[in-house]
Amino acid sequence: MSVFVTGATGFLGKHVVNECLEKNYSVIAAVRTQDKGDALVKQFNNPRLTTVAIGDLEKLDAFEETFKTHGKDIKFVIHCASPAKWDIDSYEKDLLIPARNGVLGILESIKKYAADSVERFVMTSSFMTLTDFSKIQDSSVTFNEDSWNPTTWESCQTDPLSAYAGSKTFAEKEAWKFYKENKDIVKFKLSTVIPSYIFGPQVFDEDVHEHLNASNETINQIIHATKMEDISPLSTQCCHVRDVAKSHVLAIEEENLANERLFVTSGAFDVQDILNYLNADFPQLEGKIPIGSPDKAVEHHPPGAVVDNKKTRELLGFQLRTLKDCIDDTTIQVLKHEGRL
Ligand code: NAP
């Protein structure tokens with residue numbers, strides 16, 4: 001019996017595949033093209049990993065063939081695939097439609113061909129699905145596992161970040177709606193993993209390039225900044241990729257995680273926190289990157305809405321890594337790649 005992992009070529013997806021293989025599962029990894037599948041198999045070099053090419057998520061039948069052929073052998077599904085980028089041409093075509101169709105397509109294919117074999121379905125959501133951006137400054141508001149972003153298909157199409165938030169919100173809502181309507185037909189139980197901004201190393205050092213995936217690029221940009229003007233302001237929550245991957249795999253295993261929204265976040269940060277850790281922990285960056293205003297470091301949530309994931313921390317039962325771990329682990333890999341460590 002296998003775990004089917006989508007988005008397996010991505011930053012998070014490779015960690016999920018890695019965690020599954022380390023726990024001795026057989027993994028069928030969904031990739032966009034067979035070339036990407038061949039490269040993934042070569043990287044992992046593990047006989048328990050096979051791949052299937054599914055094409056683009058926007059096609060509602062992208063998963064039909066896979067579940068028709070392998071459905072009876074798949075016990076767990078971890079759906080990580082979704083567009084996670086901001087340099088896009090069309091909000092609908094590049095973000096909203098593939099995110100929504102991806103989840104609808106995979107759920108329909110499971111219902112059709114693997115209703116009796118798939119026992120758990122875990123999908124990657126985003127903390128943007130539980131954030132109401134109009135209330136971010138409101139200290140009387142709490143964002144937790146019960147919160148939802150009130151965005152609409154039309155209102156989110158103003159800028160790439162809002163459209164991304166919309167894409168994740170509609171995809172997660174579709175999953176819960178499908179589950180509610182089909183609970184008596186499909187065997188699986190649903191959980192969603194809701195990470196904040198994900199930092200951390202790539203599984204393979206060879207995946208470190210000049211530019212990293214969208215979230216890690218924040219740290220990469222600061223490692224290479226020479227003045228404050230090079231750094232885009234950012235203040236949000238973050239978590240470590242290994243904790244996120246571990247949460248996905250626990251969610252296919254543990255009964256107490258079924259039917260839950262698991263909000264994985266280690267805490268708040270802003271770019272000053274990143275500067276402080278880089279300047280304190282990496283002497284080779286001293287004098288090369290700005291120091292900013294160290295006395296203004298926050299490492300706590302700035303005044304405004306309360307972010308609370310106490311319930312998830314208790315459910316998961318393991319200690320989430322710290323902001324320092326997130327920043328240092330990412331930086332170590334980049335500096336090693338550049339021969340500076
Ligand atoms: P990533 O590296 O860009 O990975 C995205 C994965 O999804 C890749 O395997 C990609 O395939 C696949 N994918 C994207 N659009 C697709 C499409 N239209 N058709 C087929 N496959 C498609 O991003 P990531 O950071 O690992 O994100 C993984 C998941 O975590 C996403 O669901 C994302 O929304 C969620 N998430 C990420 C963060 C973060 O800070 N990174 C935070 C919260 C949630 P290719 O490799 O072929 O492009």
Side-chain angles (χ1 to χ4, degrees), residues 5-18 29-40 43 51-63 66 78-90 92-103 105-106 122-131 149 160-161 163-172 175 192-204 207-209 211-220 234 236-245 247-248 261-266 269 326 330:
V5 180
T6 74
T9 48
F11 165 53
L12 171 62
K14 283 189 190 181
H15 277 277
V16 171
V17 169
N18 195 43
V31 294
R32 223 189 274 245
T33 62
Q34 203 45 61
D35 281 358
K36 290 189 176 195
D38 293 345
L40 195 72
Q43 268 190 325
T51 61
V52 288
I54 54 112
D56 199 290
L57 293 174
E58 74 176 1
K59 293 184 291 124
L60 279 166
D61 63 355
F63 295 98
T66 301
I78 301 181
H79 180 52
C80 294
S82 204
K85 53 179 186 176
W86 329 127
D87 54 332
I88 48 161
D89 298 323
S90 156
E92 287 199 335
K93 186 159 173 35
D94 296 331
L95 289 173
L96 292 161
I97 292 173
R100 184 197 58 191
N101 286 8
V103 73
I106 194 168
V122 177
M123 78 174 268
T124 319
S125 187
S126 158
F127 76 127
M128 294 197 178
T129 68
L130 53 75
T131 308
N149 181 335
L161 205 61
Y164 171 73
S167 77
K168 299 302 291 178
T169 305
F170 309 129
E172 194 193 338
T192 57
V193 176
I194 305 181
S196 54
Y197 225 70
I198 308 174
F199 289 140
Q202 313 290 322
V203 172
F204 299 103
D207 287 338
V208 179
H209 303 294
H211 294 291
L212 300 178
N213 63 294
S215 50
N216 274 333
E217 188 54 26
T218 304
I219 295 179
N220 197 29
L234 179 69
T236 182
Q237 293 267 318
C238 73
C239 54
H240 196 291
V241 68
R242 293 195 201 284
D243 291 340
V244 181
S247 303
H248 281 78
R261 298 181 80 211
L262 302 166
F263 178 21
V264 180
T265 190
S266 290
F269 76 97
C326 294
T330 313

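Below, each value reflects all heavy atoms present in this structure, side chains not excepted, and no hydrogens, waters or symmetry copies. Both counts, for ligands and for their atoms, begin at 1 and track the order of listing.
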Please confirm whether [X] comes under 4.0 Å of ligand 1, counting heavy atoms of the residue only.
{"X": "F127", "value": "no"}
{"X": "A214", "value": "no"}
{"X": "E58", "value": "no"}
{"X": "G55", "value": "yes"}

Item to check | pair N149-K168: side-chain heavy atoms closer than 4.5 Å | outcome: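 Of all side-chain heavy-atom pairs linking K168 with N149, none is under 4.5 Å.
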For ligand 1, which atoms sit closer than 4.0 Å to a heavy atom of [X]?
{"X": "T9", "answer": "8 (C), 9 (O), 11 (O), 45 (P), 46 (O), 47 (O)"}
{"X": "Y197", "answer": "40 (O)"}
{"X": "P98", "answer": "18 (N)"}
{"X": "Y164", "answer": "33 (C), 34 (O), 35 (C), 36 (N), 37 (C), 44 (C)"}
{"X": "K168", "answer": "31 (C), 32 (O), 33 (C), 34 (O)"}
{"X": "S215", "answer": "39 (C), 40 (O), 41 (N)"}

Item to check | K59, NZ atom: more than 12 neighbouring heavy atoms under 6.0 Å | outcome: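 Yes, NZ of K59 has more than 12 neighbouring heavy atoms, counting only those of other groups under 6.0 Å.
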Using modelled atom types only, decide if a donor and an acceptor are shared between the side chain of [X] and the backbone of [Y] within a distance under 3.5 Å.
{"X": "H211", "Y": "N220", "value": "no"}
{"X": "N18", "Y": "K14", "value": "no"}
{"X": "T9", "Y": "V31", "value": "no"}
{"X": "S167", "Y": "L96", "value": "no"}
{"X": "D61", "Y": "G105", "value": "no"}
{"X": "K36", "Y": "A53", "value": "no"}

Item to check | ligand 1 versus M128: contacting region, heavy-atom distance under 4.0 Å | outcome: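 Within the 4.0 Å criterion, M128 makes no contact with ligand 1.
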Checklist entry - So which bit of K85 gets within less than 4.0 Å of ligand 1, heavy atoms only: side chain, backbone, both or neither? => result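 It is neither part, as no heavy atom is under 4.0 Å.
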For [atom], what is the nearest protein heavy atom, given as residue, atom name and distance?
{"atom": "atom 47 (O) of ligand 1", "result": "K36 NZ, 2.6 Å"}
{"atom": "atom 48 (O) of ligand 1", "result": "R32 NH2, 2.8 Å"}
{"atom": "atom 2 (O) of ligand 1", "result": "F11 N, 2.9 Å"}

Item to check | Polar side chain donor-acceptor pair, E172 to S126, under 3.5 angstrom | outcome: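 No - no donor-acceptor pair under 3.5 Å links their side chains.
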Checklist entry - Going by atom types alone, do H248 and T124 pair a side-chain donor with an acceptor below 3.5 Å? => result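 The answer is yes; a qualifying pair exists.
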From the options [options], select the one whose nearest heavy atom is closest to [atom].
{"atom": "atom 42 (C) of ligand 1", "options": "S196, P83, C239", "value": "S196"}
{"atom": "atom 40 (O) of ligand 1", "options": "I198, L95, T33", "value": "I198"}
{"atom": "atom 31 (C) of ligand 1", "options": "A8, A84, C80", "value": "C80"}

Next on the checklist: I need the minimum non-hydrogen distance between A8 and V17, along with the two atoms involved.
Outcome noted: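 That closest heavy-atom pairing would be CB-CG2, 3.8 Å.
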Checklist entry - Does G10 reach ligand 1 with a nitrogen or oxygen that is under 3.5 Å from one of the ligand's nitrogen or oxygen atoms? => result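 Indeed, backbone or side chain, G10 has an N or O that close.
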Item to check | Backbone or side-chain N or O of A81 under 3.5 Å from ligand 1 N or O | outcome: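 Such a contact does not occur with ligand 1.
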Checklist entry - Does the pair V244 and H15 meet the rule for a side chain to side chain contact (heavy atoms under 4.5 Å, CB included), with working shown? => result CA-CA 9 Å; V244 181; H15 277 277; over 6 Å; no
